[in-house]
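So the structure is just underneath, and the comments pick up after that.
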Amino acid sequence: MSPPLELSIVVPTFNELANVGELIEHLRKVLGETGWEIVFVDDDSPDGTAALVRCMARIDSRVRCVQRVGRRGLSSACIEGMLASAAPFIAVMDADLQHDEAILPAMLELLRADAADIVVGTRYAKGGSTGDWDRGRAGLSRLATAASRLIAQPDVSDPMSGFFMLRREVLDASVRRLSAIGFKILLDILASSPGKLRVAEVPFTFRARAAGESKLDELVIWEYGMLLADKTIGRFVPVRFLSFALVGGLGVFVHMAVLTTLLKGLGLEFTLAQSGATAMAMVFNFTINNVLTYRDRRLTGWPWWRGLATFMAACSVGALANVGIATYLFESRSGWFLAALAGVLVGAVWNYAVTQLYTWGRKAKPA
Ligand code: GDD
Ligand code: MN
């Protein structure tokens, strides 16, 4: 008989084929007789990570695989992995061997002894280190850590860590409030927990990635901003709408630039120039929203084109509604400014609601 399940290790993966085998091997060594399992949450990696994990799971049933299709996101992957497990203690760690598995027994011991609700593997406390990070990345990480104080309890030295262990009740208490945006899942949990958590820290040294490359690009800064926004003003306005509106604001500049070029540069007549500028602004808005606002459901290939078509169709109706409402209000003697503002607002909400459903919604299944 195998020991009862005590610890689940949730590992989000995207293109980690070359690392998962070694990670499992490390866990076998370090966890010994503990009742553990490892849950990989793979976002349909093109390199076939999920298939390899399933092969390993046939030999060792402590290995499990959750495969998600048409979705991306580190935080949401971790949440779904944690929910897929029944263990009383749950750890989250990277697949690329950057997180030192040797501290797992110490983390588990702290939870067993009820000395903490959550144990964070930290790079900043005494004995920890960011390893061979360059100065730029280390500086950015510290800046982001400072910003995190706005939304989470301040006594955690490394709220940005991707390596931690918690008792299941911590997840149960916060799961319905999680933002699930971006890749700062620990910070999300800390900021979403109703009561104060007892946090313990175990230092470790961040190793260099074993194989493959980091999935974190410049846009994670944007996602981090969205997480902060969701945790502060998200109660009042959906952050996706904020992002959508922000992109729309930029689109106005694109519109004006194209319009000026077509009118003054090419000498086109106004209606033609205005139509061209509108079309260009729509393409711009679609492209940017696809990358920023709907990063987790980003369309590529053929669905990108279908998405563009539904986006342009929806926004054309939005533009009609905008002009219709503004004209109506203007004629019923509201000031021109308020009338225009109301038109823009109704148009924006329409565009947001309809494209959320038809351009990036379930119906627009990514390839
Ligand atoms: N399922 C899924 N979906 N997994 C993902 C995704 C995704 O969209 N993006 C990344 N991952 C997986 C990777 O395969 C890896 O196992 C883990 O998440 C971390 O990704 P890395 O690409 O290795 O991130 P990093 O090493 O640059 O960042 C690490 O350090 C940060 C602290 O600065 C991570 O641990 C972060 O969580 C941590 O905040
Ligand atoms: Mn990594």
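As the structure lists them, so they are numbered: ligands from 1, and atoms in each ligand from 1.
- Of the listed options Thr145, Ile185, Leu74, Leu74 places a heavy atom closest to atom 37 (O) of ligand 1.
- For Arg71, the closest heavy-atom approach to ligand 1 does not fall below 4.0 Å.
- At least one test fails for Arg240 against the ring of Tyr352: distance under 6.0 Å to the centre or angle within 45° of the axis.
- For Phe206, the heavy-atom gap to ligand 1 drops under 4.0 angstrom.
- Listed by number with element, the atoms of ligand 1 under 4.0 Å from a non-hydrogen atom of Asp96 are 23 (O), 26 (O).
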Go through the steps for Phe164 and Glu201 under the test side chain to side chain contact (heavy atoms under 4.5 Å, CB included), then give the verdict.
CA-CA 9 Å; Phe164 59 92; Glu201 301 187 330; over 6 Å; no
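- Note on Asp43 versus Lys215: no salt bridge recorded, every NZ/NE/NH1/NH2 to OD/OE distance being 4.0 Å or above.
- Using a cut-off of 4.0 Å between Lys/Arg side-chain N and Asp/Glu carboxylate O, Arg207 and Glu101 are scored as salt-bridged.
- Using a 4.0 Å cut-off between charged nitrogen and carboxylate oxygen, Arg209 and Asp94 do not count as a salt-bridge pair.
- Across all their heavy atoms, Phe183 and Leu74 have their closest contact at O-CD2, 3.1 Å.
- The distance from ligand 1 to the heavy atoms of Ala77 drops below 4.0 Å at these ligand atoms: 1 (N).
- Each of the following atoms of ligand 1 lies closer than 4.0 Å to a heavy atom of Phe183: 36 (C), 37 (O), 39 (O).
- Nearest-heavy-atom check against atom 24 (O) of ligand 1 across Asp43, Thr49, Leu216, Val220 picks out Leu216.
- The minimum heavy-atom distance linking Ser174 with Ile189 is given by the pair OG-CG2, 4.1 Å.
- Across Gly318 and Asn351, no two heavy atoms sit closer than the pair CA-OD1, 3.4 Å.
- Below 4.0 Å from some heavy atom of Thr13 lie the following atoms of ligand 1, by number and element: 1 (N), 2 (C), 4 (N), 14 (O).
- Looking at ligand 1, you'll find an N or O of Phe14 within less than 3.5 Å of one of its N or O atoms.
- Counting the atoms of ligand 1 from 1 in the order shown, those under 4.0 Å from a heavy atom of Gly73 are 3 (N), 7 (C), 8 (O).
- Between Phe286 and the choices Trp360, Phe244, Trp305, the ring pair (Phe, Tyr, Trp, His ring centres under 6.0 Å) rule is met once, by Trp360.
- Shown in contact with Asp94 at under 4.0 Å from a heavy atom are these atoms of ligand 1, numbered in order with element: 16 (O), 17 (C), 19 (C), 23 (O), 26 (O), 29 (C), 34 (C), 35 (O).
- Summarising the contacts of atom 1 (N) of ligand 1 with Val20, Val41, Leu186, the nearest heavy atom is found in Val41.
- Against a heavy-atom cut-off of under 4.0 Å, Ala95 is close to the following atoms of ligand 1: 16 (O).
- Remark: ligand 1 atoms within the under-4.0 Å shell around heavy atoms of Lys184 are 31 (C), 32 (C), 33 (O), 38 (C), 39 (O).
- Of the candidates Met160, Gln98, Arg209, Arg209 brings a heavy atom nearest to atom 23 (O) of ligand 1.
- Closest approach of Arg177 to Ser192, counting heavy atoms only: CD-O, 3.1 Å.
- Looking only at N/O/S atoms, Asp96 comes nearest to the Mn ion (ligand 2) through OD2.
- Distances from the Mn ion (ligand 2) show that Gln98 has an N/O/S atom below 2.8 Å.
- Of the candidates His99, Arg295, Lys215, Arg123, the one placing a heavy atom closest to atom 32 (C) of ligand 1 is Arg123.
- Exactly one residue among Val170, Val39, Val92 makes a side-chain contact (heavy atoms from CB on, under 4.5 Å) with Met82. That residue is Val92.
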